[in-house]
Protein chains: 2
Amino acid sequence: MYGHRVTMEDVAAQAGVSRALVSIVFRGVPGASDATRQRVLDAAVGLDYRPDRRASRLGRSRSRTIGVAFHVGDAFHGDLLGSLYRHGDTAGYEIVLSGVTASRAHDEAVETLLAERCEALILLGAQQSRTDLARLAARLPVVSVLRNVHAEDIGVVRTDDAAGLRLAVEHLHGLGHTRIALLDGGRAAGAADRRRGYRVGIRHSPGLSEALLPGGVTELEGAEAARVFLGLGSDRPTGVAAFNDRCALGFIDVVRRAGVRVPDDLSVVGFDDITEAAYPHIALTTVRQDAARLGAEAVRAVADRLERGTAAGSVTIEPELIVRTTTAAVQSGEAGRRAG
Amino acid sequence: MYGHRVTMEDVAAQAGVSRALVSIVFRGVPGASDATRQRVLDAAVGLDYRPDRRASRLGRSRSRTIGVAFHVGDAFHGDLLGSLYRHGDTAGYEIVLSGVTASRAHDEAVETLLAERCEALILLGAQQSRTDLARLAARLPVVSVLRNVHAEDIGVVRTDDAAGLRLAVEHLHGLGHTRIALLDGGRAAGAADRRRGYRVGIRHSPGLSEALLPGGVTELEGAEAARVFLGLGSDRPTGVAAFNDRCALGFIDVVRRAGVRVPDDLSVVGFDDITEAAYPHIALTTVRQDAARLGAEAVRAVADRLERGTAAGSVTIEPELIVRTTTAAVQSGEAGRRAG
DNA sequence: TGCTTTAACTAGAGCGCTCTAGTTAAAGCA
DNA sequence: TGCTTTAACTAGAGCGCTCTAGTTAAAGCA
């Protein structure tokens, strides 16, 4: 019904050359004259031929394939995939995707990639245990993106989470805020480091003290934190640094509807700089994670280990504060209280 | 450094059987005694062996592989992937993913899947031209999920978009609204059908007339539509049916901040039922698309064509109205005006 | 002119599986 | 008891590529 499979053999016959020559042309290596090259390409177009990647990967000694496990539907992972595709391509590696879903755990996603004989693994937001990761790293190069795992031989590419939160706190402090709370991320990737960064920021800014609100990863948890916040009464913080943008967005949504004006009464800083944060009607002040660079570094880390046998290392990318409209200087009353 | 590749040969040697026997055991077909089966499995575990899928796919006559092109970072596509993985697995097909990103167009994503020798393609939110799709469908079975393409031999699995919008309009009309606007989706997948459903709904409800607001796919476009809405003055609609949830969310965000109370002054209905819609602080009334069923039907359509040679058909799944808290009966003033 | 070098090509083994067409031996049966 | 059937196994070709180790002929050169 759908016609027979066309192979290199067919192209070779059509162009009047050997199979090996067709392979040379398609791999783009030297060994064929320009005239022959053109003849082979023409024959291939005529037959609507494209090399079979399964056979190609099997035939060559190295699969030149990087397996990537990602969380399906995660917007930031989406941005990272874009970058990984781009840089994988220029480095000469194919990217093979394996999605983590509610019913498809990390282990299963990784298992698929191993069966595919990937040469290395890039894990986005890895959630495996330290032992599982170490066992994996004994088989092939593994780099964890976003999450700072301390397992042996695991490369890490991440944003300097602590520095990011310190930026957020200093920004708020610079605007005159003295009661600055953290919407904590609990056990999420990067949460411990961000908590630490928040604490350092507080300690280094004279007159500040810590206040942690239980937050989380999604808008839902931000909304819940907002209810706790609203219950705080007059002692409320005037500045909030959130674990991430989605949490910040849920938080803002609820406090605004309770009559709290952002940024007049309350300043909020997010983390990530997801696409929505830049929408004019949202315009969230946030700490940007650079998806393009994170992806580039992940590919580079993997390629270095594969090609130069470099040891697994850790790459930390500096975040950047993006000031938009959810933060502002404290209002006079508050400023007076601070001056006093 | 990472040890040599272990193959079926090694397992066979270890278990004292032929390579063919190991293959039989791993494919789970009859032809091996229970004792041998166990011996082979033990040997495989001891050697940490897993079959090489590249070789396995190459060796068998059918690759039993379904290629899926999806938009990286799209939350609803994420839900669909979850369902596709699940149903592909039970139907005995491997799912191979290929992401569409800003720098990686649909064509490129599809090209990868063809080179992988997938037996069939499932395209989520396909955006290729009708001719490109028809050409593709001449090579292998193709089903488009979400988007209703009218190209020859392309299977379609989608929600009854028109019925969904009719549900939305009838819900609003039932609550006493007489001025019901559509936040239009323009050229997005399903937008034409939703527009049609809206019109049918309006026509079938006595005393209603059409009002289209330019909307779109994202919160951004919803927010822009909100500005147009706010400029409308006293003639404003009291009910709005949005192209999708994200658009509805952006719209609500902006009108609320302008002092419009939802649902007291204005009722809004979304479309999709994305995860966020169910968050209690959002609680968006919406028309649900059933990702689980869409995925199941897509796999079934593909499997039917592959195994029974069924002709490409169209499957339409009925949407469901989920009433939450962004819609309410019109306020007395409005109701009086309607009665008069 | 005779030798070396190089460009352009080919033969064929190999990658790690699947699967058809066998073989062998035990079980079943008239 | 001799035949058929069946379960349990194996040999080896094939899937569609890559890549090494060649061959051939033209070009370059003293």
Side-chain angles (χ1 to χ4, degrees), chain A residues 3-41 43-44 47-65 92-94 112 114-119, chain B residues 3-41 43-44 47-65 92-94 112 114-119:
Chain A
H4 100 122
R5 313 174 167 185
V6 14
T7 72
M8 228 169 224
E9 194 72 59
D10 301 313
V11 179
Q14 173 86 6
V17 296
S18 70
R19 228 175 53 249
L21 220 276
V22 179
S23 173
I24 284 170
V25 171
F26 272 97
R27 278 178 294 137
V29 297
S33 70
D34 287 352
T36 314
R37 221 171 267 276
Q38 197 53 54
R39 210 145 36 86
V40 167
L41 258 16
L47 295 168
D48 196 9
Y49 169 77
R50 47 179 66 66
D52 185 331
R53 289 209 191 173
R54 303 168 303 173
S56 152
R57 284 205 285 261
L58 189 60
R60 58 194 188 229
S61 50
R62 295 186 44 191
S63 74
R64 294 204 72 90
T65 285
Y93 287 92
E94 278 176 53
T112 310
L114 292 178
E116 212 65 54
R117 297 299 187 265
C118 293
E119 290 190 74
Chain B
H4 100 121
R5 313 172 166 185
V6 12
T7 72
M8 227 168 223
E9 193 72 61
D10 301 313
V11 178
Q14 173 86 4
V17 296
S18 70
R19 229 175 53 251
L21 219 277
V22 179
S23 173
I24 284 170
V25 171
F26 271 97
R27 278 177 294 136
V29 297
S33 70
D34 287 351
T36 314
R37 222 169 265 277
Q38 197 52 54
R39 207 144 38 86
V40 167
L41 258 16
L47 294 168
D48 196 10
Y49 169 78
R50 47 178 68 64
D52 185 331
R53 290 209 191 174
R54 302 170 304 173
S56 154
R57 283 205 285 260
L58 189 61
R60 60 193 186 230
S61 50
R62 295 187 43 191
S63 73
R64 296 204 70 91
T65 285
Y93 287 92
E94 281 176 50
T112 311
L114 291 177
E116 213 65 55
R117 297 299 187 268
C118 294
E119 291 190 74

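Side chains are part of it too, since the values below use all heavy atoms of this structure and drop only hydrogens, waters and symmetry mates. Here is the naming used below: chain letters follow the sequence lines, and residue numbers restart at 1 for every chain. Small disclaimer: the values here were computed from a predicted structure and weren't measured.
Using a 4.0 Å cut-off, some side-chain N or O of B:Arg117 falls inside it from OP1 or OP2 of D:dC17. Taking 4.0 angstrom as the limit, A:Ser18 places none of its side-chain polar atoms (N or O) nearer than this to OP1 or OP2 of C:dC9. Residue B:Arg5 has a polar side-chain atom (N or O) positioned under 4.0 Å from OP1 or OP2 of C:dG16. At least one side-chain nitrogen or oxygen of A:Thr36 sits closer than 4.0 Å to the OP1 or OP2 atom of C:dC9. Side-chain nitrogen and oxygen atoms of A:Ser23 include none within less than 4.0 Å of the OP1 or OP2 phosphate oxygen of D:dC17.
A straight line from CZ of B:Arg60 to P of C:dC17 spans 12 Å, rounded to a whole angstrom. Atom CG in B:Asp52 sits roughly 17 Å away from atom P in D:dC17 (whole-Å rounding). Put simply, CZ on A:Arg64 is 10 Å from P on D:dC19, counting in whole angstrom units. A:Glu116 places its CD atom 13 Å from the C1' atom of C:dC17, with the value rounded to the nearest Å. Between B:Asp34 atom CG and D:dC9 atom P there is a gap of 10 Å when expressed in whole angstrom units. Remark: C1' of D:dT18 and CZ of A:Arg53 are 16 Å apart, rounded to the nearest angstrom. What separates CZ of B:Arg57 from P of C:dT18 is a distance of 12 Å, to the nearest Å. In this structure, B:Leu21 atom CG and C:dT20 atom C1' are separated by 16 Å, rounded to whole Å.
Here A:Arg54 lies out of heavy-atom contact (under 4.0 Å) with every strand. If you check every strand for non-hydrogen atoms under 4.0 Å, A:Ala20 touches a base.
Within the 4.5 Å cutoff, side-chain heavy atoms of A:Met8 are placed close to those of A:Tyr49. Taking the side chain as every heavy atom from C-beta outward, A:Gln14 and A:Leu47 approach each other to under 4.5 Å. In this structure, A:Arg57 and A:Glu94 have side chains that are in contact, with non-hydrogen atoms separated by less than 4.5 Å.
Side-chain to base pairing of B:Arg62 with C:dT18: no donor and acceptor N or O lie closer than 3.5 Å to each other. With hydrogens and angles left out, the side chain of A:Arg19 and the base of D:dT18 share a donor-acceptor pair within 3.5 Å.
Base-pair partner of C:dG14: D:dC17 (Watson-Crick or G-U wobble, both distances under 3.5 Å). The base-pairing partner of D:dG28, taking Watson-Crick or G-U wobble contacts with both distances under 3.5 Å, is C:dC3. Pairing for C:dT23 is with D:dA8, a Watson-Crick or G-U wobble pair whose two hydrogen-bonding atom distances lie under 3.5 Å.
Scanning both residues, A:Arg117 and B:Val6, for their nearest heavy atoms gives NH2-O, 4.0 Å.
Between B:Arg19 and B:Ser23, the side chains place no donor N or O within less than 3.5 Å of an acceptor N or O (distance only, hydrogens not considered).
Of the two residues near DNA chain D, B:Gly59 and B:Val17, the one whose nearest nucleotide lies more 5' is B:Val17.
No option in B:Asp10, B:Thr7, B:Val11 other than B:Val11 meets the side-chain contact (heavy atoms from CB on, under 4.5 Å) test with B:Val22.
Of the candidate nucleotides C:dC19, C:dA8, D:dC9, C:dC19 has the atom nearest to the side chain of B:Arg27.
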